[in-house]
Amino acid sequence: MTDQIYVDGAWRRPASGETLPVVCPSDGKEFARIARGGAKDIDAAVAAARRAYEGPWGKLTALERGRLLMKVGVKIAEHAEELAQLEARDTGKPLKQARADMVAAARYFEFYGAAADKVHGEVIPFLAGYTVLVKHEARGVTGNIIPWNYPAQMFGRTLAPSLAVGNAAVLKPAEEACLTSLRIAQLCHEVGFPPGTINVVTGLGEEAGAALAGHPGVDFVAFTGSPQVGTLIQKACADHHRACVLELGGKSPQIVFEDAKFESVLPVVVNAIVQNGGQTCSAGSRVLIQRSIYERFTAQLAERFARLRVGSHEMDLDCGPLISAVQRDRVARFVRDARAARIPVLAEAQLAPGVPAGGYYAAPVLFGNVPLDHELACEEVFGPVLSAIPFEDEADAIRIANGTPYGLAAGIWTTDGTRQMRVAHAMRCGQVFVNGYGAGGGIELPFGGIKKSGHGREKGLEAMREFSVVKTIVINHG
Ligand code: NAI
Ligand code: MG
């Protein structure tokens with residue numbers, strides 16, 4: 001069934017009649033096919049979503065919507081191992097990462113299911129004889145375009161808040177990794193959403209994705225992916241005067257001050273860049289280190305980096321392969337250019353013995369003293385490549401941290417409480433961690449960027465505001 005699309009509560013072949021290969025990044029071999037959906041399929045999916053929104057789905061109470069969502073959370077938890085195995089094979093990510101992803105995927109449905117009936121409005125004091133109500137309403141039909149790095153998590157992150165507030169949705173997963181989206185759609189079907197509430201159309205970005213982003217029947221678009229495609233999405237939305245939320249990655253810094261406790265910083269800094277092979281929007285891809293501890297800290301960091309092991313999803317080591325040959329070559333190009341620019345390599349990890357041939361492997365690399373004007377200091381690599389950069393003092397750290405086109409997340413490592421607050425407030429980004437980084441999916445925590453990292457917020461209750469629209473009702477009762 002992976003080669004069919006899910007529209008109007010039923011599985012069907014795409015209008016093109018064509019399929020696309022599904023390749024396991026661990027060995028580069030094809031193991032399934034997905035449907036090549038296109039504009040006609042998107043038309044059908046958007047029409048089905050509209051019917052659901054104006055019909056049975058739209059008529060449910062918030063409590064009833066929430067109950068259905070919570071049942072999806074339970075289903076995902078019940079099928080967690082099966083889904084993790086599928087996700088690991090589809091993306092190449094180590095099994096333990098895929099297992100953690102399923103916990104987070106289930107949690108999205110649990111969180112937003114429980115929140116669905118807690119969207120309260122306001123009463124505004126106005127002129128004598130008036131009552132003014134402010135209510136939050138669904139936007140209608142949402143188009144949800146997700147990437148391949150955390151497919152199951154992204155399914156929950158983009159769909160659960162949209163459905164919780166009462167929208168119907170059309171999801172376009174990334175062509176590189178669709179299988180868990182299709183499987184979770186089956187689980188949603190078993191839960192019993194009215195037909196058309198959730199539709200999943202697989203296909204290429206420039207075909208199915210572009211058709212969805214530009215569809216006149218869509219009321220809101222949520223996109224996670226590259227800044228380049230984010231620009232296209234926003235332009236497509238502009239043509240229809242509709243809003244979108246864009247989450248476009250980053251170059252997030254970890255700032256290590258001289259009073260930081262090395263033992264707690266080091267494992268987190270390493271994990272923040274090697275988790276999921278560095279293919280994480282909020283990857284901690286720059287580590288800014290105070291000059292006074294730079295040599296000592298980077299020596300210990302290098303030791304840990306050199307020990308990292310890279311293998312297939314089944315070998316379940318620190319890093320799996322990257323998602324595709326394209327991404328592997330892109331990362332290799334960054335590493336090659338940095339070496340050619342004579343940026344010092346402080347450590348390089350190894351592929352584990354027995355790594356299958358044909359996989360898209362990239363060994364983690366730690367570069368030191370990266371010049372601020374080099375692309376490694378300001379461009380997203382989306383691979384296990386960490387740039388170490390020295391700084392002099394607090395003002396210097398803030399300037400460097402904020403000195404990229406991106407603004408997604410930051411980590412601050414210091415035991416000085418007043419410095420924690422000063423630096424946290426000075427960060428030009430959407431999420432700041434103090435003495436930590438990332439947090440088990442962080443479902444509850446509003447997340448998103450500024451500048452080239454995009455706009456709008458996902459996760460937390462903020463996502464539900466994003467997926468809804470305010471209506472003001474002014475009543476003159478004399
Ligand atoms: P991409 O932006 O092309 O893909 C993301 C999603 O957008 C996929 O579902 C894709 O099918 C869809 N898409 C592609 N072209 C489209 C179009 N014209 N209209 C509508 N939808 C379209 O990202 P790609 O090419 O896979 O990765 C390139 C780079 O983007 C990565 O190296 C990384 O730097 C960044 N990226 C960031 C992500 C994040 O989590 N913020 C996730 C994936 C990629
Ligand atoms: Mg692309």
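All ligand and atom numbering here is 1-based and tracks the order in the structure. Model, not experiment: these values are computed from the prediction.
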Novice: Assess whether a salt bridge exists between Asp318 and Arg307, defined as any Lys/Arg side-chain N lying under 4.0 Å from an Asp/Glu carboxylate O.
Specialist: no
Novice: Report the part of Ile233 in contact with ligand 1, treating N, CA, C, O as backbone and CB onward as side chain, heavy atoms under 4.0 Å; options are side chain, backbone, both, neither.
Specialist: side chain
Novice: For atom 16 (C) of ligand 1, state which one of Gly205, Pro227, Pro151, Ala177 supplies the nearest heavy atom.
Specialist: Gly205
Novice: Taking the non-hydrogen atoms of Phe223, is any one of them nearer than 4.0 angstrom to ligand 1?
Specialist: yes
Novice: One residue to check: Asn149. Relative to ligand 1, which of side chain, backbone, both or neither has a non-hydrogen atom less than 4.0 Å away?
Specialist: side chain
Novice: Going by an N to O cut-off under 4.0 Å, is there a salt bridge joining Glu348 and Arg339?
Specialist: yes
Novice: Answer yes or no on whether Lys93 is positioned over the face of Tyr150, meaning its NZ or CZ is under 6.0 Å from the six-membered ring centre and within 45° of the axis.
Specialist: yes
Novice: Tell me, please, whether Tyr406 has Lys251 positioned over its six-membered ring: NZ or CZ under 6.0 Å from the ring centre and within 45 degrees of its axis?
Specialist: no
Novice: Heavy-atom contacts with Gln327 under 4.0 Å: which atoms of ligand 1 show up? List them by number with element.
Specialist: 27 (O), 28 (C), 31 (C), 32 (O)
Novice: Report yes or no: is the cationic atom of Arg242 (NZ for Lys, CZ for Arg) closer than 6.0 Å to the six-membered ring centre of Phe220, at no more than 45° off its axis?
Specialist: no
Novice: Under 4.0 Å from a heavy atom of Leu248: which atoms of ligand 1 are those, numbered in the order shown and with their elements?
Specialist: 41 (N)
Novice: Salt bridge between Arg333 and Asp329, side-chain N to carboxylate O under 4.0 Å?
Specialist: no
Novice: Which of the atoms of ligand 1 are close to Ala174, meaning less than 4.0 Å from one of its heavy atoms?
Specialist: 8 (C), 9 (O)
Novice: Should you measure from each heavy atom of Ala210, which atoms of ligand 1 turn up under 4.0 Å away?
Specialist: 19 (N), 20 (C)
Novice: Under 3.5 Å, side chain of Asp41 to main-chain N/O of Gly38, donor-acceptor pair present?
Specialist: yes
Novice: Using distance alone, determine whether Leu204 and ligand 1 share an N or O pair under 3.5 Å.
Specialist: no
Novice: Using a strict 4.0 Å cut-off to heavy atoms of Glu247, name the atoms of ligand 1 that fall inside it.
Specialist: 41 (N)
Novice: Using a 4.0 Å heavy-atom cut-off, which part of Gln228 comes near ligand 1: side chain, backbone, both, or neither?
Specialist: neither
Novice: Polar-atom distance check: Thr280 versus ligand 1, any N or O pair below 3.5 Å?
Specialist: no
Novice: With a 6.0 Å cut-off (strictly less than), is the heavy-atom count around NZ of Lys235, excluding the residue itself, greater than 12?
Specialist: no
Novice: For ligand 1, which atoms sit closer than 4.0 Å to a heavy atom of Pro147?
Specialist: 42 (C), 43 (C)
Novice: Just go through Phe334, Trp148, Tyr150 and tell me whose heavy atom is the nearest to atom 26 (O) of ligand 1.
Specialist: Trp148
Novice: Quick check: closest heavy atoms across Cys178 and Asp90, and the distance to 0.1 Å?
Specialist: N-OD2, 3.2 Å
Novice: Closer than 4.0 angstrom, basic N to acidic O: yes or no for Lys459 and Glu444?
Specialist: no
Novice: Pick whichever of Val381, Ile145, Thr224, Val229 has a heavy atom sitting closest to atom 5 (C) of ligand 1.
Specialist: Thr224
Novice: Does Gly249 reach ligand 1 with a nitrogen or oxygen that is under 3.5 Å from one of the ligand's nitrogen or oxygen atoms?
Specialist: yes
Novice: Please determine whether a side-chain nitrogen of the Lys or Arg among Asp101 and Lys96 lies less than 4.0 Å from a carboxylate oxygen of the Asp or Glu.
Specialist: no
Novice: Run the numbers for me: atoms of ligand 1, each under 4.0 Å from some heavy atom of Ile146, listed by number.
Specialist: 6 (C), 8 (C), 9 (O)
Novice: Going by the atom numbers of ligand 1, which of them fall below 4.0 Å from some non-hydrogen atom of Gly209?
Specialist: 19 (N), 20 (C), 21 (N)
